[in-house]
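Positions are given from 1 along the sequence. Both ligands and their constituent atoms are indexed starting at 1 by order of listing.
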Amino acid sequence: MSNTIVVGAQWGDEGKGKIVDYLTEKTDVVVRAAGGNNAGHTVISGGQKYVLHLIPSGILWKDKMCVIGNGVVMDPLGLLEEIAKLRGQGVSITPENLLISETAHLVMPYHKGLDKAREAKRGDKKIGTTGRGIGPAYADKVERDGLRTILMTQPEVLEEELRDRLARHNATFAELGVDLVPVEETVKTVLEAAKALAPHITNTTVYLHEAIKAGKNLLFEGAQGTYLDIDHGTYPFVTSSNTTAGGACTGSGVPPRMIDKVVAVGKAYTTRVGSGPFVTENEEIGDMLHNMGREFGATTGRARRCGWLDAVLVRYAVMLNGADELAITNLDGLDGLETIQICTAYKLRGKTIHYPPSTAADLAACEPVYETHQGWKQDLSGITNFADLPDLAKAYLKRLEELVGAKVGLLGVGPAREQTLVA
Ligand code: GDP
Ligand code: IMO
Ligand code: MG
């Protein structure tokens with residue numbers, strides 16, 4: 001038995017989906033424990049591209065159980081769309097391979113409305129959210145005004161609660177001058193969705209503990225990344241959940257002492273979607289990657305901001321998540337470069353620092369301290385053995401390991417499942 005948490009070490013989109021897909025082969029149960037359909041996890045398997053938002057990437061493997069844990073905020077309409085799309089691609093989804101925690105919270109259409117209205121109000125201080133209603137749904141949960149998925153198995157109670165929320169939220173929308181959420185239509189679609197999803201809803205904490213007792217292996221699929229964590233990220237330019245390793249425990253009911261391993265996934269460079277400080281941001285790298293057709297968001301299609309690898313951030317993420325191992329993806333993105341930079345420290349108001357400061361304003365004021373590496377100038381995408389990597393690529397990874405204090409266990413040289421090398 002071995003239970004592993006996979007977390008993002010940067011600002012999300014590190015390639016967690018691909019790494020989880022790779023690790024699922026030796027896993028029995030794949031669990032999402034935080035976030036919602038703000039996540040977009042791309043997996044390329046058997047030549048087909050799949051994008052997962054709420055459903056754990058393990059669904060692409062036969063005979064694996066997937067669990068949406070209590071820490072997730074679940075948009076039932078979004079989930080049904082995702083299920084329909086995956087079924088259209090030939091993926092089987094039934095209560096035999098997808099369970100939803102009865103204590104996960106629902107994302108309702110009024111949450112999306114609030115998300116958009118709040119962003120519009122923030123003006124040039126906007127967070128750049130995905131518009132999926134994530135922040136308002138978590139706010140209702142913490143305010144103790146949320147609706148939990150168990151209500152989907154109790155249609156009469158759900159209808160009553162939903163009508164109450166719609167009346168209250170529509171009153172707010174009227175004040176804000178925002179379009180109201182149509183009551184009858186929303187009640188109808190949510191009740192229909194409830195009927196369709198009810199067979200998946202159960203006490204997943206009990207399920208997970210029974211699976212552990214039966215000797216099964218669990219894999220926790222992180223969503224977002226360390227620097228989008230509500231506590232540890234670049235607040236307020238973050239998401240509304242705990243995206244770091246601890247969130248896997250609170251978001252599933254599996255206690256910390258049952259976790260055996262933490263894998264931190266990071267790109268060989270850095271990307272970020274949405275607003276907020278980004279010390280190593282570099283337009284030339286962004287142009288290069290976008291011209292290769294890469295680094296467009298899987299959820300919103302937005303072009304991701306790009307920059308050099310920031311070892312200050314990854315080192316802190318390794319510490320914070322207790323990462324035993326790194327999975328470095330997209331090394332092939334650097335193939336064409338003459339020279340490659342790694343940020344090893346920051347300069348803040350004349351002082352050299354080795355950790356990210358705690359305010360977004362201070363992080364924005366940091367200057368990167370770079371060291372320069374010679375590029376390997378070779379296409380890595382066809383390499384199937386770690387030993388066959390060019391020496392310069394190996395040197396880049398070795399230096400990264402030294403700088404961040406964890407070993408590279410897995411390496412990505414392309415988006416497909418087979419383009420994952422074991423170090
Ligand atoms: P996630 O949200 O962490 O699962 O990451 P995303 O799927 O949003 O973004 C990662 C992107 O990089 C996707 O388009 C993946 O297909 C792609 N990807 C992952 N690993 C590699 C890799 O090693 N090389 C290349 N070229 N693409 C990769
Ligand atoms: P995956 O799991 C990258 C970002 C948004 C925005 C901020 C808040 O694919 O790595 P939200 O809608 O959550 O309130 O937006 O967080 N964000 C992500 N960025 N990858 C993600 O997920 C993200 N989920 C949210 O762009 O900056
Ligand atoms: Mg993503």
Side-chain angles (χ1 to χ4, degrees), residues 6-22 32 34-45 49-54 56-57 72-73 75 107 111-112 114-116 118-119 122 126-139 221-230 233-241 243 264-278 289 292-306 327-335 379-381 383 410-421:
V6 173
V7 284
Q10 296 156 330
W11 277 294
D13 301 330
E14 296 91 348
K16 299 175 292 295
K18 179 194 147 148
I19 295 299
V20 166
D21 172 64
Y22 180 84
R32 270 283 303 272
N37 61 358
N38 49 348
H41 299 171
T42 314
V43 176
I44 296 182
S45 143
K49 176 173 159 176
Y50 304 88
V51 183
L52 292 310
H53 297 286
L54 268 163
S57 302
V72 170
V73 286
D75 174 352
V107 180
H111 290 130
K112 287 194 198 169
L114 281 168
D115 194 355
K116 286 177 186 145
R118 284 176 188 162
E119 277 287 85
R122 287 183 189 114
K126 74 174 182 346
I127 295 163
T129 72
T130 58
R132 297 292 191 273
I134 304 300
Y138 276 115
E221 175 171 353
Q224 290 78 53
T226 296
Y227 295 98
L228 291 172
D229 185 283
I230 185 74
T234 50
Y235 192 88
F237 303 101
V238 292
T239 190
S240 301
S241 62
T243 61
V265 186
K267 277 182 177 139
Y269 45 93
T270 312
T271 64
R272 166 164 217 173
V273 233
S275 324
F278 184 170
L289 293 163
M292 291 158 84
R294 298 163 65 138
E295 302 309 344
F296 293 93
T299 295
T300 58
R302 290 179 289 180
R304 295 178 182 142
R305 299 157 65 194
C306 302
I328 297 297
T329 67
N330 287 276
L331 188 66
D332 54 303
L334 304 176
D335 283 356
D379 177 1
L380 301 185
S381 63
I383 292 183
L410 293 173
L411 180 72
V413 293
R417 193 183 276 169
E418 309 71 53
Q419 288 169 307
T420 309
L421 314 184

Any N/O of Gly40 closer than 3.5 Å to an N/O of ligand 2?
yes

Can you find an N/O atom of Ser275 closer than 3.5 Å to an N/O atom of ligand 2?
no

Could you list which atoms of ligand 1 come closer than 4.0 Å to a heavy atom of His41?
1 (P), 2 (O), 4 (O), 7 (O)

Going by the atom numbers of ligand 2, which of them fall below 4.0 Å from some non-hydrogen atom of Gly128?
5 (C), 6 (C), 26 (O), 27 (O)

Is there a donor in the side chain of Thr300 and an acceptor in the side chain of Arg302, or the other way round, less than 3.5 Å apart?
yes

Which of the numbered atoms in ligand 2 are below 4.0 angstrom from a heavy atom of Lys16?
1 (P), 2 (O), 10 (O)

Could you check His41, Arg32, Lys16 and say which one makes a side-chain hydrogen bond (donor to acceptor under 3.5 Å, both in side chains) with Glu221?
His41

In terms of atom number and element, which parts of ligand 2 are under 4.0 angstrom from non-hydrogen atoms of Gly274?
27 (O)

With a cut-off of 4.0 Å, which atoms of ligand 1 are near a heavy atom of Arg294?
25 (C), 26 (N)

shortest atom 6 (P) of ligand 1-to-protein heavy-atom contact is with Gly40 O, 3.6 Å

Quick test of your reading of the structure: of Val273, Leu410, Thr42, Val6, whose heavy atom lies closest to atom 14 (O) of ligand 1?
Thr42

Is there a nitrogen or oxygen of Gly12 sitting under 3.5 Å from a nitrogen or oxygen of ligand 2?
no

With Leu380 as reference, evaluate Leu334, Val413, Leu411, Leu421 under the side chain to side chain contact (heavy atoms under 4.5 Å, CB included) test and give the passing residue.
Val413

Closest heavy-atom approach to atom 16 (O) of ligand 1 among Pro415, Gly412, Gly414 is made by Pro415

By the definition side chain to side chain contact (heavy atoms under 4.5 Å, CB included), identify the one residue from Leu228, Thr243, Val238, Val273 that meets it with Trp11.
Leu228

Quick one: does Gln224's side chain have a donor or acceptor within less than 3.5 Å of a partner on Asp229's backbone?
no

Could an N or O of ligand 1 be found under 3.5 Å from any N or O of Thr329, whether backbone or side chain?
no

Identify the closest protein heavy atom to atom 12 (O) of ligand 2: which residue and atom is it, and at what distance?
Thr130 OG1, 2.6 Å

Give the atoms of ligand 1, by number and element, whose distance to some non-hydrogen atom of Arg304 is under 4.0 Å.
6 (P), 8 (O), 9 (O)

Hey, is Val413 touching ligand 1 through its side chain, its backbone, both or neither, going by heavy atoms under 4.0 Å?
backbone

Which residue holds the protein heavy atom closest to atom 18 (C) of ligand 2, what is that atom called, and what is the gap in Å?
Leu228 CD1, 3.5 Å

for atom 23 (C) of ligand 2, nearest protein heavy atom and its distance come out as Gln224 CG, 3.6 Å

Looking only at protein heavy atoms, what sits closest to atom 20 (N) of ligand 1 is Lys18 CD, 3.3 Å

When rounded to the nearest 0.5 angstrom, what is the spacing between CD in Glu14 and CD1 in Ile328?
10.0 Å

Output the distance between atom OG1 (Thr234) and atom CZ (Phe237), rounded to the nearest 0.5 Å.
8.0 Å

Atom 24 (N) of ligand 1: which protein heavy atom is closest, and how many Å away?
Asp332 OD1, 2.8 Å

Sub-4.0 Å heavy-atom approach of Glu14 to ligand 1
yes

Could you tell me which atoms of ligand 2, counted from 1 in the order shown, lie closer than 4.0 angstrom to a heavy atom of Ile127?
8 (C), 27 (O)

May I ask you to identify, for Arg302, whether its side chain, its backbone, both or neither come under 4.0 Å of ligand 2 on a heavy-atom basis?
side chain

Going by distance only, is there an N or O of Thr239 that falls short of 3.5 Å from an N or O of ligand 2?
yes

Residue-atom pairs from the protein, N, O or S only, that lie under 2.8 Å from the Mg ion (ligand 3):
Asp13 OD1, Gly40 O

Which residue owns the protein heavy atom closest to atom 10 (C) of ligand 1, what's the atom, and how far is it?
Asp13 O, 3.6 Å

Give the atoms of ligand 2, by number and element, whose distance to some non-hydrogen atom of Ala223 is under 4.0 Å.
2 (O)

Heavy-atom distances under 4.0 Å are what count here, so tell me which part of Val238 touches ligand 2: side chain, backbone, both or neither.
backbone

Which ligand 2 atoms, with their elements, are less than 4.0 angstrom from a heavy-atom of Ala39?
1 (P), 2 (O), 9 (O), 22 (O)

Do side-chain atoms of Glu295 reach the backbone of Ala303 as a donor and acceptor pair under 3.5 angstrom?
no

A student checking ligand 1 against Asn330 at a 4.0 Å heavy-atom cut-off should list atoms 12 (O), 18 (N), 19 (C), 20 (N), 21 (C), 22 (C), 23 (O), 24 (N), 25 (C), 26 (N), 27 (N), 28 (C)

Hey, mind stepping through Asp13 and Arg304 against salt bridge (Lys or Arg N to Asp or Glu O under 4.0 Å) and telling me if it holds?
CA-CA 9 Å; Asp13 301 330; Arg304 295 178 182 142; 2.9 Å; yes

For atom 15 (O) of ligand 2, what is the closest protein heavy atom, and at what distance to 0.1 Å?
Thr129 CA, 3.3 Å

Ligand 1 atoms nearer than 4.0 angstrom to some heavy atom of Gly17 are 4 (O)

Could you tell me whether Trp11 approaches ligand 2 through its side chain, its backbone, both or neither, with non-hydrogen atoms closer than 4.0 Å?
backbone

Any donor-acceptor N or O pair under 3.5 Å, side chains Thr239, Asn38
yes

Would you say the side chains of Arg305 and Ser275 form a donor-acceptor pair under 3.5 Å?
no

Which protein non-hydrogen atom lies closest to atom 27 (O) of ligand 2, naming both residue and atom, and how far is it?
Val273 O, 3.1 Å

Residue and atom name of the nearest protein heavy atom (relative to atom 3 (C) of ligand 2), distance in Å to one decimal:
Asp13 OD2, 3.2 Å

